[in-house]
Amino acid sequence: MGTNLYELFRSRFPADRSRPFIEVPGGPVWSYAQLEAISARYAHALVAAGAEPGDRVAVQVDKSPEAIFLYLAALRAGTVLLPLNTAYQADELAYFLKDAAPKVVVCQPPRHDALQALAADAGLDATVLTLGADGAGSLTDAAADKPATFVCSDRGGDDVAAILYSSGTTGRPKGAMMSHGNLAANAATLHRIWGFVPGDVLLHALPIFHTHGLFVATNCVLMNGSSMIFCPRFDADQVLDLLPRATVFMGVPTFYTRLTASPRLTPDLCRGMRLFISGSAPLLVETFNAFRDMTGHTILERYGMTEGGMFTSNPLAGERKPGTVGPALPDMDIRVTDESGRVLPQGEVGVLEVKGPNVFKGYWNMPEKTKAEFTGDGFFKTGDIGVIDAEGYVSIVGRAKDLIISGGYNVYPKEVEDAIDRMDGVVESAVVGMPHPDFGEAGLAVVVTRPGCPLSPEQVIGDLKGRLANYKIPKQVVVVADLPRNAMGKVQKNVLRETYAARWASQLEKAS
Ligand code: MCA
Ligand code: AMP
């Protein structure tokens with residue numbers, strides 16, 4: 001067996017390939033035989049479109065079984081998958097295309113011409129193919145007459161399998177390179193420690209363009225050779241309808257707050273379930289407790305990042321401590337350091353640093369940035385502030401990076417501020433994270449306008465829509481004369497959070 005990740009998955013597929021892999025609620029069931037045949041055909045189509053091993057394949061498509069087959073096809077062809085959130089707008093996409101220079105772009109059918117124009121503007125010689133939510137499109141057409149087998153490209157463990165972009169604190173998105181070896185290591189560990197068994201059915205309601213839905217949830221199923229019920233998006237009622245048929249569920253905290261808001265959530269509904277997992281953002285202790293009270297199940301919280309997948313997990317057997325993300329995974333080293341990089345004793349609060357086989361290769365085209373984010377002895381600086389207790393359980397107590405996590409999506413204030421600052425009449429702006437009952441946190445923008453240039457909050461929001469992905473749009477905007485600064489001239493974001501706390505809460509209440 002080579003080190004192409006697909007070969008690892010394939011070695012775990014059921015001997016009886018007619019067994020189910022993906023079931024779409026109310027729709028078809030796709031078997032492992034179909035997974036193998038369709039991903040082979042798609043791999044041939046990528047090659048025919050000009051993609052060679054190492055070339056990037058950018059994908060901005062709706063969630064569908066075919067989108068998963070495309071992920072597997074990209075692995076088989078040895079190409080580098082670049083999954084893109086469907087909420088990304090033209091300006092955001094233009095950057096990714098220019099930076100990653102994909103050879104093939106696969107998009108939703110109605111966006112073909114727009115993506116073609118963006119690729120041309122970026123000076124790319126790329127083929128643009130389409131794939132709709134129903135599986136139809138020029139990719140599927142191109143694959144139709146291709147063979148149902150494909151010899152996997154021989155990949156070394158260090159070869160890059162995927163690049164995932166995050167905006168970063170400088171506002172300039174950076175692409176985290178995950179190798180075949182990184183993804184394989186994390187998939188094998190998570191599959192083992194979460195105790196997957198042959199009959200497991202994973203209820204999948206996450207998006208598949210980020211680590212959580214793709215490399216955590218889907219890869220566990222592939223490692224297990226079992227099946228998943230594939231919801232197009234998270235809808236609490238649909239999840240409640242389907243829970244009786246599932247055994248494992250993974251979600252961001254917003255999923256759990258929405259589920260606990262429903263009187264339909266009962267122990268009886270969850271009687272077939274063996275595991276509920278939460279991550280991507282802090283799970284409130286109230287949600288953890290409410291869920292246990294309503295179902296008898298204790299949510300297992302874990303922690304990770306795009307730059308490496310999962311780093312810690314509460315145990316399957318053993319105490320799952322609320323407010324913690326559990327001990328380091330068996331193959332991870334985690335430590336806490338102070339601002340000067342000195343390793344702190346157990347129990348002290350500082351920046352979490354991680355090292356392990358799943359930690360990424362670095363940022364695409366950014367060797368200096370990569371160097372700055374790793375220590376001399378190979379630990380990655382997460383930018384999360386944490387503490388480790390006497391039993392090794394990690395708690396995330398804050399973030400050194402200026403980041404808002406809204407409904408499990410990362411929003412970097414700098415990127416939103418840059419977009420606001422480009423508006424006519426704006427002098428400067430500051431975006432801060434405020435508590436939100438549904439999304440955990442959401443953005444508040446405080447905007448300073450030039451004298452004589454009145455700008456309403458609605459105008460600011462209207463201008464941002466279409467320029468930024470919808471989840472990055474601040475939920476509230478305040479227009480002010482100036483921003484509070486400290487003696488060094490730095491904007492005091494904590495003062496803004498305090499100043500606007502009452503106003504934020506009352507406007508949220510009005511909106512609900
Ligand atoms: C939608 N909206 C949001 C968000 N999602 N606003 C802030 N934060 C969000 N996350 C806005 C839309 O712009 C819209 O505003 C309004 O809310 C309703 O949109 P809708 O599409 O109906 O929302 P939804 O379908 O209910 O989506 C909410 C959601 C979704 C289900 C929580 O955001 C979601 O699936 N989140 C999961 C994210 C995820 O998978 N993260 C993992 C990243 P308007 O009406 O004004 O237009 S991986 C990661 O973080 C690491 C590695 C890890 O540890 O896992
Ligand atoms: P991303 O860049 O989308 O991969 O998001 C990674 C970030 O999400 C981490 O650096 C943490 O700040 C946060 N995160 C992930 N899981 C948890 C968790 N269980 N509790 C608190 N924060 C989390």
Side-chain angles (χ1 to χ4, degrees), residues 63 83 85-87 89 164-169 173-174 176 178 186 190 204-218 231-239 250-259 277-284 287-288 299-314 322-326 351-352 354 358 360 380-386 394-412 416 433-434 436 438-443 458 461-462 464-466 468-476 511:
K63 186 174 175 184
N85 194 319
T86 45
Q89 302 293 315
L164 291 97
Y165 276 89
S166 74
S167 298
T169 47
K174 37 196 188 7
M178 293 293 285
N186 214 221
L190 298 179
H204 193 303
L206 289 155
I208 54 167
F209 30 66
H210 292 298
T211 296
H212 197 162
L214 192 59
F215 300 144
V216 181
T218 304
C231 303
R233 51 182 286 281
F234 176 79
D235 173 84
D237 276 317
Q238 185 178 41
V239 165
M250 297 186 190
V252 299
T254 299
F255 290 13
Y256 289 102
T257 44
R258 290 188 186 179
L259 288 172
I277 302 177
S278 174
S280 307
L283 179 72
L284 292 179
T287 313
F288 176 96
I299 298 173
L300 179 155
E301 186 172 6
R302 62 31 168 208
Y303 154 69
M305 276 181 86
T306 300
E307 285 91 337
M310 298 301 100
F311 304 152
T312 74
S313 172
N314 271 284
T324 81
V325 292
V351 175
L352 293 168
V354 298
N358 45 311
F360 75 135
F380 171 63
K381 305 171 194 170
T382 63
D384 289 310
I385 309 284
V394 176
S395 296
I396 315 281
V397 299
R399 293 176 207 131
K401 48 196 174 191
D402 191 11
L403 163 69
I404 301 167
I405 305 186
S406 190
Y409 284 137
N410 286 5
V411 181
Y412 283 90
V416 185
M434 302 293 279
H436 192 280
D438 186 30
F439 296 125
E441 282 181 299
E458 293 72 27
I461 288 178
L464 289 177
K465 281 190 177 170
L468 291 178
N470 57 9
Y471 63 87
K472 298 179 189 170
I473 312 284
K475 300 285 178 218
Q476 290 181 33

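Numbers here are sequence positions counted from 1. Start at 1 and go down the list; that is how both ligands and their atoms are numbered.
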Between Arg399 and Glu441 (salt bridge meaning N to carboxylate O under 4.0 Å), is one present in this structure? yes
What protein heavy atom sits nearest atom 24 (P) of ligand 1, and how far off is it? Arg233 NH2, 3.7 Å
Determine yes or no for a side-chain-to-main-chain donor-acceptor pair under 3.5 angstrom, with Glu301 supplying the side chain and Leu283 the backbone. yes
Does only the side chain of Tyr303 get under 4.0 Å from ligand 1, or the backbone, or both, or neither? Count heavy atoms. neither
Note, Val411 side chain near Pro474 side chain (heavy atom, < 4.5 Å): no
Going by the 4.0 angstrom heavy-atom rule, the piece of Phe439 near ligand 1 is side chain
Protein contact to atom 33 (O) of ligand 1 [nearest heavy atom, distance to 0.1 Å]: Tyr409 CE1, 3.4 Å
Do ligand 1 and Gly408 have nitrogen or oxygen atoms that lie under 3.5 Å from each other? yes
Residue portion contacting ligand 1 (non-hydrogen atoms closer than 4.0 Å) for Met305: backbone
Judged by heavy atoms only, the candidate from Ala281, Gly304, Ser280, Ala176 nearest atom 6 (C) of ligand 2 is Gly304
Check whether any protein heavy atom sits under 4.0 Å from atom 16 (C) of ligand 1. no
What is the closest protein heavy atom to atom 1 (P) of ligand 2, and at what distance does it sit? Asn410 ND2, 3.0 Å
Do the non-hydrogen side-chain atoms of Lys174 and Glu307 ever get within less than 4.5 Å of each other? yes
Closest to atom 37 (C) of ligand 1 (heavy atoms only, candidates Gly251, Gly407, Gly213) is Gly407
Min over His212, His436, Lys63 of heavy-atom distance to atom 48 (S) of ligand 1 lands on His212
Thr211: numbered ligand 1 atoms lying under 4.0 Å from its heavy atoms: 48 (S), 52 (C)
Just need the protein heavy atom nearest to atom 14 (C) of ligand 1, so name the residue and atom and give the distance. Asn470 ND2, 4.7 Å
Identify the protein heavy atom lying closest to atom 54 (O) of ligand 1, giving its residue, its atom name and the separation to 0.1 Å. Arg302 NH1, 2.7 Å
Spell out, as yes or no, whether a donor-acceptor pair under 3.5 Å connects the side chain of Thr312 to the backbone of Val325. yes
Any heavy atom of His210 under 4.0 Å from ligand 1? The part involved is side chain
Decide yes or no for Phe311 and Leu352: does some side-chain heavy atom of the first lie under 4.5 Å from some side-chain heavy atom of the second? no
Check Asn410 against Tyr471 and note the closest heavy-atom contact, atom names and distance. O-CE1, 3.7 Å
Could you see which bit of Arg258 sits under 4.0 Å from ligand 1, with heavy atoms only: side chain, backbone, both or neither? side chain
Could you tell me whether the side chain of Thr306 reaches within less than 4.5 Å of the side chain of His210, counting heavy atoms only? no
Under the 3.5 angstrom rule, does the side chain of Lys63 hit a backbone N or O of Leu206 as a donor-acceptor pair? yes
For ligand 2, note which part of Ile405 has a heavy atom under 4.0 Å away: side chain, backbone, both or neither. side chain
Should one rank Ser406, Gly443, Ala236 by closest heavy-atom distance to atom 8 (N) of ligand 1, which comes out on top? Ser406
Give me the residue, atom name and distance of the protein heavy atom closest to atom 47 (O) of ligand 1. Lys465 NZ, 4.4 Å
Closest non-hydrogen protein atom to atom 21 (C) of ligand 2, residue and atom name please, with distance? Pro282 N, 3.4 Å
What residue and atom, counting heavy atoms only, is the protein's closest point to atom 19 (N) of ligand 2, and at what distance? Arg302 O, 2.7 Å
Quick check on contacts: which atoms of ligand 2 are under 4.0 angstrom from a heavy atom of Glu301? 18 (C), 19 (N), 20 (N)
Heavy-atom contacts under 4.0 Å between Leu206 and ligand 1: side chain, backbone, both, or neither? side chain
Val239 vs Arg258 side-chain heavy atoms within contact, under 4.5 Å: no
Distance to 0.1 Å, residue and atom name: give those for the protein heavy atom nearest to atom 12 (O) of ligand 2. Asp384 OD1, 2.6 Å
Could you work out, for atom 42 (C) of ligand 1, the closest of Pro474, Ser280, Ala442 by heavy-atom distance? Ser280
Yes or no: does Pro207 have any heavy atom under 4.0 Å from an atom of ligand 1? yes
Work out whether the distance between some heavy atom of His210 and some atom of ligand 2 is less than 4.0 Å. no
Using modelled atom types and a 3.5 Å cut-off, is there a donor and acceptor pairing between side-chain atoms of Thr254 and backbone atoms of Asp438? yes
Using a 4.0 Å cut-off to any heavy atom of Thr306, which atoms of ligand 1 qualify? 52 (C)
Mark up the atoms of ligand 1 that fall under 4.0 Å of a heavy atom belonging to Phe255, in ascending order. 31 (C), 35 (O)
Parallel, tilted or perpendicular: which fits the ring planes of Phe360 and Phe380, with parallel below 30° and perpendicular above 60°? perpendicular
Met305 heavy atoms, cut-off 4.0 Å: which ligand 2 atoms fall inside? 4 (O), 6 (C), 9 (C), 10 (O)
Given side chains that start at C-beta, do those of Pro83 and Leu164 come closer than 4.5 Å, heavy atoms only? yes
How far is atom 11 (C) of ligand 1 from its nearest protein heavy atom, and which residue and atom name does that atom have? Lys475 NZ, 3.6 Å
